[in-house]
Amino acid sequence: MISLGGTIASTGADASAGVTPRLSGEDLVQAAPQLREIADIETVEFRKVPSGDLTLSDVVALAHEIEGLFDDGIDGVVVTQGTDTMEETSFALDVLVRSTRPVVFTGAMRNPTTLGADGLSNLVASARVAASSDAVGLGTLVVFNDEVHAARFVRKSHTSSTATFQSPNCGPLGWIIEDRVRVVARVSRLGYIGDVVAGEMPDVALLTMTLGDDARLVSRVRDAGYAGAVIEGFGGGHVPARTVPAIAELASQMPVVLASRATSGELLESTYGFAGSERDLLSRGLVSAGSLDALKARVLLSLVAATTDTHDDVVATFRCVVDSLWTFSSGDER
Ligand code: ASP
């Protein structure tokens, strides 16, 4: 169990000052004796921060830590962290960890000082999944509220509900009932994108298109030092016509991915023909995020740019991962 902080680890010395990440992984394990019936558990204190303070470089270092644990013979890993960025960190690990052994992210929405705190039940459920042979080969998972979600699909959908994690396009892959793990849909592993070195990561800008947008920010992306950009357009992948010249120019300078600000579905490719439509943007060199949301597309583009040099290779590797999102498997890799 690798602990990174977050609400699951947050208590307060003085209730009036609010809670902050203080508990160690060992504290959490000690508080849930049920864990001992599930597995022999080792704890690793990796970070103790609100998850908004994590960086992609931290996540790359976490991937190396996990590979090292698997090399040492560990069968499965549970990562505890804050929920705020879990949809990004868990997805990054999906393409950074080579092993097929289970990697499960979890956390809490209610901190340990509140009634109905959910951290320990999430922790125990996660341990059951990480120890289950049914979780082998599924890529990184988020286990929360007794549901098993694929990192590639999951999103944080609510500010405070314990059911905040949802996979809008397909629902959870399974659930936990009493001590049983049920996996009812098996996704294939996403491709391992290669060794990424922790440190300076290529920065990727994320720009959401808004009503009446005039692309003022788009034209500043290059000078601000970004190596790539994600344009989070409207609906099926649209932007205002007046923004197209700036976006097209950016796409001639760096990889630019088109995602949608709609919370589910997949980008269109060939329906609309107006200026700023998906057809227009894709014909100008933007790369479709498919069904990947903008947050995950940004993480993927940054990681791919860290492993690959040329524009064409970055685009090809990005497309390869997007194309494999919806590959389901029979489970033979277990
Ligand atoms: N509210 C957050 C959590 O669920 C805080 C964080 O992400 O660290 O853990």
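Whatever order the structure lists them in is the order used to number ligands and atoms, beginning at 1.
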S.K.: Does any part of the side chain of F274, heavy atoms only, come nearer than 4.5 Å to the side chain of H238, both counted from C-beta?
M.R.: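 The answer is yes, as the side chains (C-beta and beyond) meet within the 4.5 Å cut-off.
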S.K.: Specify the protein heavy atom at minimum distance from atom 4 (O) of ligand 1: its residue, its atom name, and the distance to 0.1 Å.
M.R.: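 Answer for atom 4 (O) of ligand 1: T83 OG1, 2.4 Å.
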S.K.: Against heavy atoms of G6, which atoms of ligand 1 measure under 4.0 Å?
M.R.: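 Matching atoms, with element in brackets: 8 (O), 9 (O).
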S.K.: Out of curiosity, is S10 lining ligand 1, as in a heavy atom under 4.0 Å away?
M.R.: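 For ligand 1, residue contact (heavy atoms, under 4.0 Å) with S10 is absent.
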S.K.: If you measure every N/O of G52 against every N/O of ligand 1, is any gap under 3.5 Å?
M.R.: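 No; the residue has no nitrogen or oxygen that sits under 3.5 Å from a nitrogen or oxygen of the ligand.
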S.K.: Do any nitrogen or oxygen atoms of T85 come within less than 3.5 Å of a nitrogen or oxygen of ligand 1?
M.R.: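 No; the residue has no nitrogen or oxygen that sits under 3.5 Å from a nitrogen or oxygen of the ligand.
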S.K.: Do the ring centers of H149 and F144 come within less than 6.0 Å of each other?
M.R.: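 Not close enough - the centres of the two rings lie 6.0 Å or further apart.
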S.K.: Tell me the protein heavy atom at minimum distance from atom 3 (C) of ligand 1, and give that distance in Å.
M.R.: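 Ranked first by proximity to atom 3 (C) of ligand 1 is T7 OG1, 2.7 Å.
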S.K.: Judged by modelled atom types alone, do D195 and H64 share a side-chain donor-acceptor pair under 3.5 Å?
M.R.: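 Judged by distance alone, the side chains do pair up.
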S.K.: Within the structure, does D84 bring an N/O atom to less than 3.5 angstrom of an N/O atom in ligand 1?
M.R.: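 N/O-N/O distance below 3.5 Å exists for this pair.
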S.K.: P50 heavy atoms, cut-off 4.0 Å: which ligand 1 atoms fall inside?
M.R.: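 Checking each atom against P50, I get 8 (O).
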S.K.: Would you name the heavy atoms of L115 and R110 that are closest together and state the gap between them?
M.R.: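 Result for this residue pair: O-CD, 3.8 Å.
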S.K.: Which heavy-atom pair separates Q30 from R36 by the least distance, and what is that distance?
M.R.: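 Looking at all heavy atoms of both residues, the closest pair is OE1-NH2, 3.9 Å.
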S.K.: Taking Q81 as the fixed residue, which of L62, T89, V49 is the one that meets the side chain to side chain contact (heavy atoms under 4.5 Å, CB included) rule?
M.R.: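 It is T89; the other options fail the test.
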S.K.: Please check whether S51 reaches ligand 1 - meaning an N/O of the residue sits under 3.5 Å from an N/O of the ligand, judged on distance alone.
M.R.: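 Checking ligand 1 against S51, an N or O pair does fall under 3.5 Å apart.
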S.K.: Judged on heavy-atom distance to atom 6 (C) of ligand 1, which of S160, G82, A9 sits nearest?
M.R.: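 Nearest option to atom 6 (C) of ligand 1, by heavy atoms: G82.
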S.K.: For A259 and V230, work out which heavy atoms get closest and say how close.
M.R.: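 Closest heavy-atom pair between A259 and V230: CB-CG1, 4.1 Å.
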